[in-house]
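For reference, the structure discussed in these notes is given below.
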2 protein chains.
Amino acid sequence: MITMAEIARLTGVSQPTVSRVLNGNKTVNPEIREKVLACAREHDFQPNVLAQSLVGSRTKLIGVIVTDIGNAFFADLVKYIEQEAGKAGYSIILFNTGYDAEHEKECLDVVRRYRVDGLVLVPVDENAVQWRSMVRKLEIPVVVITRKASGVDSYYLAHDEAGALAGRHLAEQGYEEYLFLGNTRDMKYRGFVDALAKIRPDFGAHLTVITTKKTEEIRQALEEHFKKTDHCTGIFTYNDRRAIQALGILEEMGIRIPEQAGVIGFDNTYICEYLYPRLSSIAQPIEEMAALTVQRLIHRLDHPDDKSVIDHPLHAELISRESSLRKRGEK
Amino acid sequence: MITMAEIARLTGVSQPTVSRVLNGNKTVNPEIREKVLACAREHDFQPNVLAQSLVGSRTKLIGVIVTDIGNAFFADLVKYIEQEAGKAGYSIILFNTGYDAEHEKECLDVVRRYRVDGLVLVPVDENAVQWRSMVRKLEIPVVVITRKASGVDSYYLAHDEAGALAGRHLAEQGYEEYLFLGNTRDMKYRGFVDALAKIRPDFGAHLTVITTKKTEEIRQALEEHFKKTDHCTGIFTYNDRRAIQALGILEEMGIRIPEQAGVIGFDNTYICEYLYPRLSSIAQPIEEMAALTVQRLIHRLDHPDDKSVIDHPLHAELISRESSLRKRGEK
DNA sequence: TTGTACGCGTTATCAT
DNA sequence: ATGATAACGCGTACAA
């Protein structure tokens with residue numbers, strides 16, 4: 001690949017002059033400028049970013065460390081991050097931790113070796129001290145995304161609020177029993193429970209929780225539940241995957257949706273639209289989250305003096321579809 | 001961030017000695033070695049990869065240019081590529097073209113600026129001359145993945161074979177009408193048609209094709225189809241998305257699956273397992289494809305003299321589930 | 001075994 | 001307006 005020195009040799013000027021031309025410096029003879037540009041074009045010159053960043057300028061690299069790109073949500077997130085970074089002339093170097101804290105550590109080391117200008121991180125465990133100390137040593141702007149992380153800029157969904165949306169909706173639609181499918185440490189669960197408790201004081205007696213992911217165990221739990229009660233049940237799941245799993249089981253059991261059971265998923269995957277009945281779901285503003293994250297990162301790069309810390313919860317939106325619309329016309 | 005020169009200063013040795021210690025060179029005094037290592041650890045030294053690659057060694061970067069990370073298939077592909085590359089000490093710099101040839105061009109330029117050691121490419125148009133000439137100028141190993149590309153190493157699914165799998169399966173299951181949902185330029189379609197034509201000479205009269213992606217248009221086409229015939233119909237779609245869309249419509253129409261219509265999707269997304277009825281689908285060996293691709297890239301890096309070109313079609317597998325199993329026990 | 005000297009490709013600071 | 005020259009952080013050949 002051709003270098004500036006080589007172009008200089010070919011055009012009979014000095015290397016710094018080539019640098020000036022290629023960087024659009026005005027103080028250069030138009031004739032020389034043209035000659036150099038022509039030569040650069042002819043040999044399809046591309047500056048060596050590595051050499052550029054070595055002299056002190058930026059690497060124009062943003063490290064992106066996520067827990068699982070295989071997950072459609074994170075895939076979309078990465079997509080928008082790449083897009084937004086590209087707009088600002090940054091490229092991304094991507095790492096997948098696979099929810100492994102040890103591997104996250106390695107990724108943080110590698111990211112460091114590449115002297116990335118900034119880092120977007122989805123921590124394996126947002127409360128762990130490990131990544132925090134490593135991030136501090138990085139001495140570069142870091143933005144945590146999808147998780148609230150004290151002391152670090154973070155953009156994330158207000159999960160409690162999202163859970164409340166689901167709870168209120170199911171109550172409004174007249175469901176009298178409630179079922180949560182997921183992890184109870186999840187803030188979605190908190191929001192869901194709190195919202196319902198406000199609406200129905202006796203709510204505690206009407207809540208069932210299923211924490212397993214295994215189809216057979218979910219089936220057992222659901223069968224048990226519908227044996228106990230004939231009240232119509234509102235089901236909220238921690239992601240669409242789980243919701244679809246539940247829908248499949250319910251259909252197999254002959255439970256009518258949304259009459260006997262209403263289902264609300266989470267993530268608003270494209271699939272929701274295609275299912276029959278179409279699946280209600282909670283949508284995250286993925287694109288906005290990604291854009292804000294990258295913009296913040298770049299702001300920090302341009303204003304190293306800005307020591308403020310951003311803690312920015314984003315708002316979820318309930319997309320109600322047939323799977324939870326018991327009352328016609330009401331949304 | 002601390003440098004070798006700095007460590008040298010702190011420990012009172014020369015910078016090359018530090019380099020020798022950190023690179024595991026044996027020819028160095030154990031005492032000095034320990035002192036240097038201790039100092040490096042204390043300050044958490046990480047070598048500057050950019051400087052390393054500037055001296056002539058590798059950047060240890062692999063460029064990955066795909067058409068759409070938002071797509072679950074490519075997301076998985078990227079995941080495994082990152083994983084396999086990581087095993088060999090390579091990191092990936094990721095680009096998403098969004099099926100835009102112009103943007104692909106820009107990505108190829110950027111990849112070049114970073115002096116990546118190798119490139120994994122999913123071309124927007126595998127037949128375009130554009131990327132070929134650019135790739136040639138890159139002067140680095142390039143492997144095309146998911147598309148057959150003459151003159152360049154490529155690992156891809158034998159789509160015709162995959163289509164044939166679907167065709168034969170539907171015929172075996174006793175479906176008498178056939179419907180393809182997708183693009184007819186797709187090799188899946190070719191394979192599907194050819195396989196069925198072999199089995200049934202009069203097959204041409206029993207084939208319907210739906211090319212639109214729009215739900216309403218698909219619905220119309222399906223309604224028309226099932227008005228015309230009461231023979232049970234085998235449906236093959238170009239991806240799971242389309243299959244799920246079709247399933248939703250069919251259920252809404254009251255068509256019984258798999259009795260009146262059998263459906264086979266493509267990609268074997270996790271969702272297939274969760275649907276009711278569970279969706280038959282054609283699985284691509286994504287992990288294998290990714291691993292072979294990265295391994296080939298690294299082989300080329302280690303053997304620059306090897307001028308052979310690999311054209312490696314991979315084999316699809318039909319995962320048959322209830323959505324297409326009309327005859328019990330048969331798979 | 002260790003240090004000196006040089007070069008990788010670029011930017012930036014000097015003179016000229 | 002342009003050309004020397006130094007510097008970035010590292011690896012490597014060579015000398016000591």
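- Within the model, atoms CD1 of A:Ile92 and CD1 of B:Ile93 stand 8.5 Å from one another, a figure rounded to the nearest 0.5 Å.
- If you take CG of B:Leu22 and P of D:dC10, they are 9 Å apart, rounded to a whole angstrom.
- Near DNA chain D, defined here as any heavy-atom distance below 4.0 Å, the residues from residues 39-50 of chain B are B:Phe45, B:Pro47, B:Asn48, listed numerically.
- Contact annotation: B:Gln52 side-chain N/O to D:dG11 OP1/OP2 distance is under 4.0 Å.
- Residues A:Leu157 and A:Pro285 approach most closely at CD1-CD, 3.6 Å, considering heavy atoms.
- Applying the ring pair (Phe, Tyr, Trp, His ring centres under 6.0 Å) rule to B:His43 yields no partners; only residues at least two apart in sequence or on another chain are considered.
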Where do N or O atoms of nucleotides 12-16 of chain D meet protein N or O atoms at under 3.5 Å, pair by pair?
none

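- Relative to the axis of its first five pairs, the axis of the last five pairs of the helix from C:dT1-D:dA16 to C:dT16-D:dA1 sits at 50°, rounded to 10 degrees.
- Between A:Leu54 atom CG and D:dG11 atom P the separation is 12 Å, expressed in whole Å.
- Taking a cutoff of 4.0 Å between a charged side-chain nitrogen and a carboxylate oxygen, A:Asp306 and A:Arg300 do not qualify as a salt bridge.
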What side-chain donor-acceptor pairs closer than 3.5 Å can you find for residues 75-86 of chain B, not counting sequence neighbours?
residue, atom, partner, partner atom, Å
B:Glu82, OE2, A:Asn96, N, 3.4
B:Glu84, OE1, B:Lys87, NZ, 3.3
B:Glu84, OE2, B:Gln295, NE2, 2.9

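- Under the salt bridge (charged side-chain N to carboxylate O under 4.0 Å, His left out) criterion, A:Arg132 pairs with no residue, sequence neighbours left out.
- In this structure, OG in B:Ser154 is found 12.0 Å from CG in B:Leu292, a value given to the nearest 0.5 Å.
- Nearest approach of B:Tyr114 to A:Leu50, heavy atoms of both residues: O-CD1, 3.3 Å.
- Residues satisfying the ring pair (Phe, Tyr, Trp, His ring centres under 6.0 Å) test with A:Phe74, not counting sequence neighbours, are none.
- In this structure, CG on B:Leu138 lies 4.5 Å from CD1 on B:Ile140, to the nearest 0.5 angstrom.
- If you check residues 24-32 of chain A against DNA chain D, the residues with a heavy atom closer than 4.0 Å are A:Thr27, A:Val28, A:Asn29, A:Ile32, listed by number.
- Annotation for A:Tyr156 and A:Met289: closest pair CA-SD, 4.2 Å, computed over non-hydrogen atoms.
- For the salt bridge (charged side-chain N to carboxylate O under 4.0 Å, His left out) test, no residue two or more places apart in sequence or in another chain qualifies with A:Lys35.
- The salt bridge (charged side-chain N to carboxylate O under 4.0 Å, His left out) check on B:Lys60 picks up nothing, with sequence neighbours excluded.
- Atoms CE (A:Met4) and P (D:dT5) sit 20 Å apart, rounded to a whole Å.
- Considering only residues two or more places apart in sequence or on other chains, B:Asp186 meets the salt bridge (charged side-chain N to carboxylate O under 4.0 Å, His left out) condition with B:Lys188.
- For the atom pair CD1 (A:Ile65) and CG (A:Leu108), the distance works out to 4.0 Å, reported to the nearest 0.5 Å.
- Extent of DNA chain C lying under 4.0 Å from chain A heavy atoms, first and last nucleotide in 5' to 3' order, is C:dG9 to C:dA12.
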